[in-house]
Amino acid sequence: MSAHIRPVSPVFVVLVCLAFCSRLSSMKAASICTNGQTGCHFISLANLFDRVIQHSARMHGISNDLHSEFELYFLPSKNQIGRVSHNCHTSTILTPNGKENAQRIAREELTEVILKLLVAWRDPLWHFHQDMAQHHEFNNFSSNKSLEMSDMVHELRKGVQKVVEKMQMLGIISTSIGNLGTPEALLASNSAEWRLMNDYDLLYCFRRDSNKIQHYLKILKCRIVPENGC
Amino acid sequence: MSQFLSSKLRNNIMAAPLSSSVVIILLISALDWLPAPGSAFLTDWDHTTSSATLEPHFTDCISRDLETFRCWWSPGSLHNLSTLGALKVFYLKKDSPTSEWKECPEYIHYNRECFFDSNHTSVWIPYCVQLRGQNITYFNEDDCFTVENIVRPDPPVSLNWTLLKISPSGLSYDVLVNWEPPPSADVGVGWMRIEYEIQYRERNATNWKALEKQPHTKQTIYGLQIGKEYEVHIRSRMQAFVKFGEFSDSIFIEVTEIPSRHGLVPFTLVVIFGIVGVLIVILLIVISWQQRLMMIILPPVPVPKIKGIDSELLKKGKLGELNFLLNGGGLNGLQPYAKEFYHEEPWVEFIEMDKENEEGGDKVDNCNSDTQRLLGLPHRNIEDFSAISHPDDDSGQTNCYDTDLPEHDTQMLIASMLPGQPENHQAILDALALETGERPLIQTQIEGPQTWVNTDLYAQVSNVMPSGGVVLSPGQQPKIQENTTGSERETQKGGKKSEDCEDNEGIKDWKKSEAQFQLLVVVPEGSGSTTENNAQQTSTPPNSPVPGPGYQTIQPQPMETKPAAMTDGNQPTYILPESPQSQLFTPVADYTVVQELDTHHSLLLNPPPSHSPSLCQPQHPLKAPMPVGYITPDLLGNLVP
C-alpha cells in the first residue's frame with residue numbers, strides 16, 4: 001500500500017485535513033462527560049458496551065479471515081496444534097478459560113485482563129502489517145485486512161479504556177486499575193517474544209486472543225449491566 | 001487428508017504466483033507420498049477412508065455449547081479391540097509445559113463416547129486425545145484441537161413461518177420465518193454468538209437454496225410461488241467460525257390461491273373509474289353551462305345608477321339638488337338617468353336621439369324637423385335637454401324639441417312609471433308595443449284631452465314645394481269643430497315661446513278670418529312665410545296645388561276671424577286653414593308645444609282650446625295624462641323605486 005501512494009493536490013489534502021480534524025473534534029466532543037456538562041452527548045454504559053462488543057466481534061472476524069487465508073497460502077504441513085504448542089507471547093497473561101471461570105473472577109480482574117491483551121497486541125500487529133505490506137505475495141485484500149486489524153486493536157483499546165473510565169465514574173469498579181497506557185505497562189508488554197513468532201503463529205495467537213477478548217467483554221457486560229438472560 | 005490437500009492445493013495454485021507455486025508443487029508431491037496413518041477428525045473429510053486396515057481412531061470431537069465437549073472413537077477394522085473396555089481414551093491439556101495425559105473423565109461406552117464436562121473443559125487451550133489399547137497407543141497428531149474450534153451449535157428450535165404479503169399479480173408471495181436459538185447455546189449471557197443459515201427448496205427439487213447467514217432469529221424468504229410447496233430447514237454456527245451444526249427438521253410452506261383477493265382488485269378499479277368518469281361529466285356540465293349557472297347562482301342585482309347623481313344623495317333626501325340635476329342643472333339631466341336606470345331592463349326601449357336622426361325626415365324627428373322648417377327656426381341641438389332651462393334661447397324655438405324628441409323615451413318612462421293614471425296604461429302598452437313609439441305616444445297624449453281625440457300631433461310631410469313650402473298630410477279625421485279650433489292652435493307651432501294666451505287667441509281669430517284658405521302651406525324659411533301665406537291665401541281652389549297623394553286641403557272656417565297679428569313677424573310658419581264643411585278635412589297634426597316654464601319649473605304646455613276657457617291654463621302635469629318630459633320633485637318619489 002505504501003508503494004501505491006499517489007500524489008494528491010494540496011487542496012485535497014487541506015480538505016481531508018479539515019474533515020478529519022472536524023471529525024476528531026467531534027469525537028472529542030462525544031467523549032464521556034461528567035454530569036452537568038452542557039453540550040454533552042450522553043451515552044449509556046450499556047450502549048458503550050454494545051459498541052465495544054461489536055468492535056471486538058468484528059476484529060475477531062477479520063483475524064479469522066486472515067488466518068484462513070494464511071492457511072490457504074502457506075499450507076501448513078500438518079495440524080500445528082499437536083506438534084508445537086504455540087508460544088504466544090500472551091501466554092503469560094492469566095486468562096479465565098471457561099465461562100464459569102470468567103463469571104467467577106472479579107470484575108476488575110476481568111477488565112484488567114482485557115486491557116492487558118489489547119495492549120499486548122498493538123505492536124505485534126503493527127509490525128505484522130508492515131511485513132505484509134512488504135511481502136507482495138499477499139494481495140491487496142489481505143494487506144488491507146492486516147492494516148484494519150492493527151487499527152482495530154488500537155481503537156478497541158481506547159474504547160475499553162473509555163468503558164473503564166465510565167465504570168469508575170459510576171463507581172461500579174474501583175479505581176485500582178491503572179492506566180495501562182503508561183510507559184511502564186508498555187514496557188512490560190513489550191517483551192521481545194513476539195518477534196520470535198512467525199507470521200502464521202502470530203495470526204493464530206491473535207485469533208485466539210481476539211476470541212478471548214470478545215467473550216470476556218460479553219461476560220463483563222452481562223455482569224455489570226444486567227439484562228434479561230444474564 | 002488427501003482430498004483436503006488436493007482442494008487446498010487447487011486454490012493455492014490459482015492464487016499463488018509462479019515461484020511459490022513451484023515450491024508448493026514439490027511439497028505436495030512430497031507430502032502425498034506419506035502414508036496416512038489415520039484420518040484426523042479436525043479436517044473436513046468425506047467420511048471415507050482410503051486405507052483398508054484401520055486402526056482405532058477418533059471419529060469426531062464436538063462441543064455444542066463451548067462449555068463441554070464429547071469425543072467419539074471407533075475401534076477400526078481390528079475386531080479384537082472392539083470389546084468394551086479394550087480401548088481407553090487419554091487426553092492432554094496443554095495449559096502448562098508439565099501437563100500429563102489423563103484419562104477420559106466420563107465414558108459413555110455404548111456410544112463409544114468420551115464426555116468432558118465443564119470442569120474439564122477449558123476454552124482456548126489446546127487439547128490432544130489418544131486411544132490406548134493394551135500396549136499400543138494410537139495417537140494422531142492431528143487429533144489436537146482447541147474447544148472453540150470444534151463448536152457445532154445445535155440447530156434452532158421452534159421453526160415457524162408467517163405469510164408476509166402476496167404480490168398484486170397473485171403469483172408470488174413472501175414469507176417470514178422465525179425460530180428460537182438452540183437451548184443448549186447460552187446466547188443470553190452472550191457466551192455464544194450464533195449466526196443462522198436458512199435453506200429452502202421445492203418439494204421435489206434436489207438443490208437447496210441458501211440464504212445469507214445472519215445472526216437474527218428471523219428471516220424473510222422472498223419470491224415463493226403460489227401453489228408450490230416448499231421445504232425449509234435451518235442450521236447454526238458460531239460467528240467467525242467455520243463449522244456448522246446439524247440441520248433442523250424441515251417445515252413445509254405452501255400457499256394456495258385466494259380468489260377473494262382477485263375479486264377485490266377489479267372491483268376497486270371499477271369504483272375508481274366510475275367516480276372519475278362522474279367527476280369529468282360534472283366538470284363538463286359546469287364548463288358548458290358556466291354562463292347560465294352564473295346567472296342562476298349570482299343574478300345581477302339591479303342598482304340604480306345615474307350619471308352625475310349620487311345614490312347616496314337620494315337616500316339622504318336632498319331633493320333640491322336632485323331636482324336641479326334632473327331639470328338639467330348639470331350637464332346631464334333626466335335622460336341619462338332614465339337610460340341608465342333601465343339599463344338592465346330588456347323591455348324598456350330607449351331610442352337614441354342623436355344628430356344623425358335630425359337630418360332624416362323620420363317621424364322620430366318629425367316635430368323637430370317639421371317645426372323647424374315650418375317656423376324657420378334655427379337649428380337646435382336636439383340632445384341638449386338643457387334647452388328647456390335656458391330661457392334665453394332664440395325665439396321661435398319649437399318647444400316640441402324639448403318635449404318630443406330626445407325625451408321620447410323619457411316620456412315613455414314617465415308614462416310607464418306614473419301610477420294612478422290607468423287611462424294611460426293602454427296607451428303605454430300600445431306605445432311600447434310599437435317600435436317607433438313616439439308617434440303613438442304622442443297620439444295617446446293627444447287622445448287624453450278630449451279635443452285631441454282623433455287628431456295627430458304630428459303631421460307627416462308628404463311633399464316639399466319647390467318654393468320651399470312643405471305640404472303636410474295629417475293622419476286622422478278630426479272632429480270638425482274641435483279640430484278646427486285645435487288645429488288652429490296647432491298651427492301656432494311657431495315655437496313662439498314668448499307667445500302667451502292672447503297670442504294664441506289672436507292666431508285663432510286670424511285663422512277664422514282666413515276662411516278662404518284651402519291649402520296647407522308650410523314655409524321652411526322664416527321670413528318669407530308671411531308673404532307666401534298671403535300669396536296663397538288668395539288662391540281659393542281647394543285642391544289645386546296638391547302635388548302628392550294624401551294631400552288634403554282644409555278649408556278655413558268662415559267663422560274664424562283673421563287676426564291681424566298673423567301677418568306680423570311672429571306669424572306661425574305654417575297655417576292650417578280649416579273648413580268645417582268638407583268631410584275630407586283632415587285634422588291638422590297637433591304639436592304639443594311647451595310655451596314656458598312656470599315658477600315651479602313646470603312646463604306649460606299649449607292647452608287645447610275647447611278643453612278649457614282659459615288657454616293660459618298651465619298644463620299641470622297631473623292633469624294631463626301624459627306629461628311630456630316633465631318631472632317634479634313630487635313625482636320623484638314615484639319614480640325612484
Side-chain angles (χ1 to χ4, degrees), chain A residues 49 53-54 57-65 67-69 71-88 91 95-103 136-139 142 204-205 207-212 214-223 227-230, chain B residues 1 5 8-9 11-12 15-17 19-20 23-24 27-28 30-31 34 40 42-43 65-68 92-97 99 118-130 139-149 186-193 215 238-242:
Chain A
F49 261 115
I53 287 168
Q54 268 187 352
R58 181 162 161 75
M59 190 176 71
H60 174 64
I62 294 174
S63 71
N64 195 35
D65 292 340
H67 182 257
S68 308
E69 275 187 41
E71 277 192 328
L72 227 57
Y73 282 121
F74 293 99
L75 195 64
S77 58
K78 289 211 173 122
N79 192 354
Q80 296 279 352
I81 299 175
R83 184 168 296 167
V84 180
S85 90
H86 294 268
N87 288 328
C88 294
S91 305
T95 59
N97 291 320
K99 184 175 86 170
E100 287 151 0
N101 288 343
Q103 281 173 334
H136 297 285
E137 293 90 17
F138 277 109
N139 52 9
S142 297
Y204 176 82
C205 289
R207 179 167 166 257
R208 187 190 70 176
D209 286 342
S210 62
N211 200 16
K212 278 188 189 178
Q214 183 186 1
H215 279 93
Y216 294 157
L217 280 171
K218 283 192 270 187
I219 295 287
L220 191 62
K221 183 204 171 184
C222 209
R223 285 174 71 177
E227 49 187 32
N228 50 351
C230 283
Chain B
M1 178 66 179
L5 283 172
K8 288 215 170 180
L9 282 170
N11 294 332
N12 194 32
S19 57
S20 48
V23 172
I24 286 158
L27 276 173
I28 289 163
L31 284 169
L34 293 172
L42 278 178
T43 60
D65 49 5
L66 203 60
E67 295 172 51
T68 63
L92 176 65
K93 188 164 145 185
K94 295 182 182 177
D95 50 357
S96 66
S99 56
S118 56
N119 293 330
H120 294 92
T121 307
S122 299
V123 193
W124 303 299
I125 290 178
Y127 278 82
C128 289
V129 285
Q130 62 179 201
F139 175 65
N140 193 341
E141 285 176 350
D142 288 337
D143 291 339
C144 294
F145 53 90
T146 53
V147 178
E148 71 268 16
N149 287 325
D186 195 356
V187 187
V189 176
W191 184 240
M192 283 182 69
R193 285 163 63 96
M238 282 247 293
Q239 279 189 2
F241 284 95
V242 181

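Atom set for the values below is all heavy atoms of this structure, side chains included, hydrogens, waters and symmetry mates excluded. The shown structure was predicted, so the numbers you read here are calculated from the model rather than taken from an experiment. Reminder, nothing fancy here: chain letters follow the sequence lines and each chain counts from 1.
- In this structure A:His67 satisfies the ring pair (Phe, Tyr, Trp, His ring centres under 6.0 Å) test together with A:Tyr200, A:Tyr204, sequence neighbours excluded.
- A search for side chain to side chain donor-acceptor pair (under 3.5 Å) contacts involving B:Asp95 returns nothing, not counting sequence neighbours.
- Side-chain contact between A:Met59 and A:Ser210: present, with at least one pair of heavy atoms (C-beta onward) separated by less than 4.5 Å.
- Contacts of A:Arg207 with chain B are made by side-chain atoms alone, with heavy-atom separations under 4.5 Å and no backbone atom involved.
- In this structure, chain A has a heavy atom under 4.5 Å from the side chain of B:Leu66, while its backbone stays farther away.
- When all heavy atoms of A:Pro96 and B:Trp124 are compared, the closest pair comes out as O-CZ3, 3.5 Å.
- When B:Gln239, B:Glu148, B:Arg193 are compared by the number of non-hydrogen pairs under 4.5 Å with chain A, B:Arg193 comes out ahead.
- When A:Lys99, A:Lys218, A:His215 are compared by the number of non-hydrogen pairs under 4.5 Å with chain B, A:Lys99 comes out ahead.
- In terms of non-hydrogen atom pairs under 4.5 Å with chain B, the most contact-rich of A:Asn211, A:Asn64, A:Asn101, A:Ile53 is A:Asn211.
- Counting heavy-atom pairs under 4.5 Å between each of B:Val147, B:Ile125, B:Thr121 and chain A puts B:Ile125 at the top.
- Taking the centre of each ring, B:Tyr127 and B:His120 stay at or above the 6.0 Å mark.
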